[in-house]
Amino acid sequence: MDQITFHHDTVLSDVHMLRPNRRHLMTRLNAAGQPVFISNFQLLSDGERRERGDGGNAVKEAEECEDRKEEEETDGEEGGGGVETLLDEDGDLDITRRVKRNLSESSRDLVCPVILKQSHSVPEEEGEEEGEEEDRCCKGIIKIEHTMATTLEDVGKQVWRGAFLLADFVLSQRLLFSGATVLELGAGTGLTSVVTATTARTVYCTDVGVDLLSMCERNVALNRHLMEPAGGDVTVRQLDWLQHDLCTDTEVEFSWTEKEVADLYDNTSLIIAADVCYDDDLTDGLFRTLYRLCSSFQHTCTIFISLEKRMNFTLRHLDVSCEAYDHFRRCLSQLQDLQDGRCSFTVQQLPVDFSQFLLYERIEHLELWKVTSSPLLDPRATSEASDVSPS
Ligand SMILES: C[S@@+](CC[C@H](N)C(=O)[O-])C[C@H]1O[C@@H](n2cnc3c(N)ncnc32)[C@H](O)[C@@H]1O
């Protein structure tokens with residue numbers, strides 16, 4: 001394969017677009033025949049963040065610096081680096097500048113995937129020495145399997161910037177998440193769930209589709225060493241926002257056990273969701289799910305939703321607009337205004353000035369929202385009202 005073909009409905013996450021080739025490697029083809037890559041995402045320790053001066057910009061600069069270094073090395077190899085000064089025939093200074101590659105070329109080279117190994121093994125199954133070596137250099141690295149340039153139905157197989165923002169938030173609020181039971185909705189590759197389990201006790205990492213959930217489970221296995229110190233665990237399960245109930249059919253992969261369902265309803269105090277509002281029907285389903293869950297939980301529950309506002313030019317408005325975002329905001333307002341006597345919700349936008357633990361560009365269009373639900377009545381006493389949901 002020497003060229004990737006982009007179809008009109010193909011989307012590629014900026015997270016993958018802006019990574020130079022050497023940072024991800026194609027490892028296998030998934031059940032759907034899509035190339036699967038593995039990317040290493042660096043998790044900065046407190047010391048490393050202090051060294052770099054903390055803050056989003058410091059991290060961005062560090063990454064840019066790394067990329068510049070890489071570019072210079074490449075230029076060096078090609079013999080193109082440096083500025084040559086010459087005099088032209090009139091005696092004027094003639095400066096030959098280094099040829100700047102245009103943005104699309106410099107930010108990401110053409111992907112020419114090479115299958116390194118086509119196996120279903122994860123590091124634990126590899127040879128002991130190799131595994132130990134891997135362990136030593138993987139302390140602060142999250143390894144994530146993902147695909148690239150997917151259709152909209154498969155966007156969960158890529159990592160999105162909202163996942164990084166939410167992961168950063170979790171790491172900056174370790175005390176809040178410590179020992180908690182957390183539910184992630186629309187978890188995709190599972191990156192945020194993995195990070196959350198470095199402090200939470202139980203993370204139910206949920207999404208839809210066996211192929212995606214299998215990839216997610218592999219990512220959990222690849223990163224178990226990061227969760228072990230805090231004793232956290234991630235359970236990958238199916239939770240479809242367009243279905244009324246959790247699937248407990250034992251014949252179905254990634255279905256819930258009765259024990260897990262009871263644990264979820266009795267103990268969940270935090271729900272997280274990253275970049276899950278991009279289609280109005282799905283957003284409606286997501287909010288119905290949030291309402292249903294929170295009004296059945298035993299506890300007050302706090303929901304954190306990260307998102308990236310994506311501007312599009314629309315013929316309808318003849319201007320740039322952000323329709324999916326506008327719909328999300330309407331759903332938030334409806335939830336806040338809801339008065340059904342069972343549960344009340346408050347909504348708050350949070351500042352995104354917390355520390356950055358992962359390397360990505362924290363662009364201004366990234367937002368974080370906090371929704372708090374408080375049960376007004378004992379949910380078991382009002383189970384007959386369970387069909388009520390926000391429109
Ligand atoms: C843009 S991706 C975000 C993935 C991940 N949270 C991230 O930020 O990298 C949106 C996610 O919503 C999930 N999703 C879409 N429809 C869903 C549904 N009906 N029920 C549950 N999850 C759904 C997708 O499978 C996908 O993983």
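Side chains are part of it too, since the values below use all heavy atoms of this structure and drop only hydrogens, waters and symmetry mates.
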Checklist entry - Is the closest side-chain donor-acceptor distance between Y325 and E308 under 3.5 Å? => result no
Checklist entry - Do V36 and L191 share a hydrophobic cluster (ILVMFWY, side-chain heavy atoms under 4.5 Å, transitive)? => result no
Checklist entry - Rounded to the nearest 0.5 Å, how far apart are CZ of F169 and OG of S306? => result 10.5 Å
Checklist entry - So, do L282 and L242 sit near enough that their side-chain heavy atoms are less than 4.5 Å apart? => result yes
Next on the checklist: Under a 3.5 Å cutoff, is there a donor and acceptor pairing between the side chains of R201 and T181?
Outcome noted: yes
Checklist entry - Would T268 and L293 satisfy side chain to side chain contact (heavy atoms under 4.5 Å, CB included), going step by step from the backbone distance to the final call? => result CA-CA 10 Å; T268 304; L293 289 169; over 6 Å; no
Checklist entry - Less than 4.0 Å between a side-chain N and a carboxylate O, is that true for E145 and R28? => result yes
Item to check | Heavy-atom check, side chain of F41 versus side chain of L359, under 4.5 Å | outcome: no
Checklist entry - Has the side chain of S193 got a donor or acceptor atom that lies under 3.5 Å from a matching backbone atom of C205? => result no
Checklist entry - W256 side chain to Q238 main-chain N or O, any donor-acceptor pair under 3.5 Å? => result yes
Checklist outcome for this item: Rounded to the nearest 0.5 angstrom, the CG-CZ distance for L335 and R288 is 12.5 Å
Checklist entry - Quick one: NZ on K370 to CD on Q349, what's the gap to the nearest 0.5 Å? => result 13.5 Å
Checklist entry - Just by distance, do the side chain of S255 and the backbone of E251 share a donor-acceptor pair under 3.5 Å? => result no
Item to check | Close side-chain approach of L176 to T199, heavy-atom, < 4.5 Å | outcome: no
Checklist entry - Are V15 and V195 grouped together when hydrophobic residues (ILVMFWY) are joined by side-chain heavy atoms under 4.5 angstrom apart? => result yes
Checklist outcome for this item: From the list V203, T202, L166, L171, side-chain contact (heavy atoms from CB on, under 4.5 Å) with T196 holds only for V203
Checklist entry - Do E184 side-chain atoms and T206 backbone N/O form a donor-acceptor pair below 3.5 Å? => result no
Checklist entry - Taking all atoms of both residues into account, what is the closest heavy-atom pair of S214 and F254, and its distance? => result N-CZ, 3.6 Å
Checklist entry - Are I272 and V208 linked, directly or through other ILVMFWY residues, by side chains that come within less than 4.5 angstrom of each other? => result no
Checklist entry - CG of L376 to CD of Q339: how many Å apart, nearest 0.5 Å? => result 10.0 Å
Checklist entry - Is a donor on one side and an acceptor on the other found under 3.5 Å between the side chain of Q243 and the backbone of D245? => result no
Next on the checklist: If you compare all heavy atoms of V352 against all heavy atoms of L366, which two are closest, and at what distance to 0.1 Å?
Outcome noted: CG2-O, 4.0 Å
Checklist entry - If we ignore angles and hydrogens, is there a donor and acceptor under 3.5 Å between the side chains of Q158 and T150? => result yes
Next on the checklist: Using the rule given for side chain to side chain donor-acceptor pair (under 3.5 Å), can you reason through E367 versus W369, listing the C-alpha separation, both sets of side-chain angles and the distance that settles it, and then say yes or no?
Outcome noted: CA-CA 7 Å; E367 292 188 359; W369 289 83; 2.9 Å; yes
Item to check | Pairwise distance SG(C322) to CZ(R329) - rounded to 0.5 angstrom | outcome: 10.5 Å
Checklist entry - Nearest 0.5 Å, what's the CE-CG distance between M227 and D233? => result 7.5 Å
Item to check | Within-4.5 Å side-chain heavy-atom neighbours: E260 and T257 | outcome: yes
Checklist entry - Heavy-atom distance under 4.5 Å between the side chains of C301 and I271, does that happen here? => result yes
Checklist entry - Counting N and O atoms only, with roles assigned by atom type, does the side chain of N223 sit under 3.5 Å from a partner on the main chain of L226, one being a donor and the other an acceptor? => result no
Checklist entry - Is the backbone of G156 close enough, under 3.5 Å, to the side chain of D207 for a donor and an acceptor to pair up by distance? => result no
Checklist outcome for this item: Closest non-hydrogen atoms of L12 and M148, given as atom of the first, atom of the second and distance, are CD1-CB, 4.0 Å
Checklist entry - Could you go step by step and tell me if F304 and V170 meet the side chain to side chain contact (heavy atoms under 4.5 Å, CB included) rule? => result CA-CA 10 Å; F304 296 102; V170 171; over 6 Å; no
Next on the checklist: Looking only at side-chain N and O atoms, does H146 offer a donor or acceptor that is under 3.5 Å from a partner on S39?
Outcome noted: yes
Item to check | Joint hydrophobic cluster, V252 plus L239, side-chain heavy atoms closer than 4.5 Å | outcome: no
Checklist entry - Under a 4.5 Å cut-off applied to non-hydrogen side-chain atoms, are Y278 and T283 in contact? => result no
Item to check | Residue pair L165 / Y360: nearest heavy atoms and the distance that separates them | outcome: CA-OH, 3.4 Å
Checklist entry - By side chain to side chain donor-acceptor pair (under 3.5 Å), which residues pair with D279, not counting sequence neighbours? => result none
Item to check | Side chain T300, main chain S374, donor-acceptor under 3.5 Å | outcome: no
Next on the checklist: Tell me whether W241 shares a hydrophobic cluster with F345, the cluster being built from Ile, Leu, Val, Met, Phe, Trp, Tyr side chains joined at under 4.5 Å.
Outcome noted: yes
Checklist entry - Would you call the rings of F297 and Y265 parallel, tilted or perpendicular if under 30° counts as parallel and over 60° as perpendicular? => result perpendicular
Next on the checklist: What verdict does the side chain to side chain contact (heavy atoms under 4.5 Å, CB included) test give for L264 and L246, after you've listed the backbone C-alpha separation in whole Å, the side-chain angles of each residue and the deciding distance to 0.1 Å?
Outcome noted: CA-CA 11 Å; L264 180 81; L246 298 178; 3.6 Å; yes
Item to check | Any Y204 side-chain heavy atom under 4.5 Å of V236 side chain | outcome: no
Next on the checklist: Tell me which one of L183, V371, I303 satisfies side-chain contact (heavy atoms from CB on, under 4.5 Å) with L290.
Outcome noted: I303
Next on the checklist: Would T147 and F37 count as a side chain to side chain contact (heavy atoms under 4.5 Å, CB included) here? Give the steps.
Outcome noted: CA-CA 6 Å; T147 61; F37 296 81; 5.6 Å; no
Next on the checklist: Measuring only between side-chain heavy atoms, which start at C-beta, is E323 closer than 4.5 Å to H327?
Outcome noted: no
Checklist entry - Nearest heavy-atom pair of L44 and Q356: which atoms, and what distance? => result CD1-O, 4.2 Å
Item to check | Salt-bridge present (D275, R310; N to O < 4.0 Å) | outcome: yes
Checklist entry - What is the minimum heavy-atom distance between F177 and V182, and which atoms define it? => result CD2-CG2, 4.0 Å
Checklist entry - Do D154 and K157 meet the salt-bridge criterion of a basic N to acidic O distance under 4.0 Å? => result yes
Checklist entry - Is D168 paired with R362 through a side-chain N to carboxylate O contact shorter than 4.0 Å? => result yes
Next on the checklist: Is it the case that the ring center of F357 lies less than 6.0 angstrom away from the ring center of F164?
Outcome noted: no
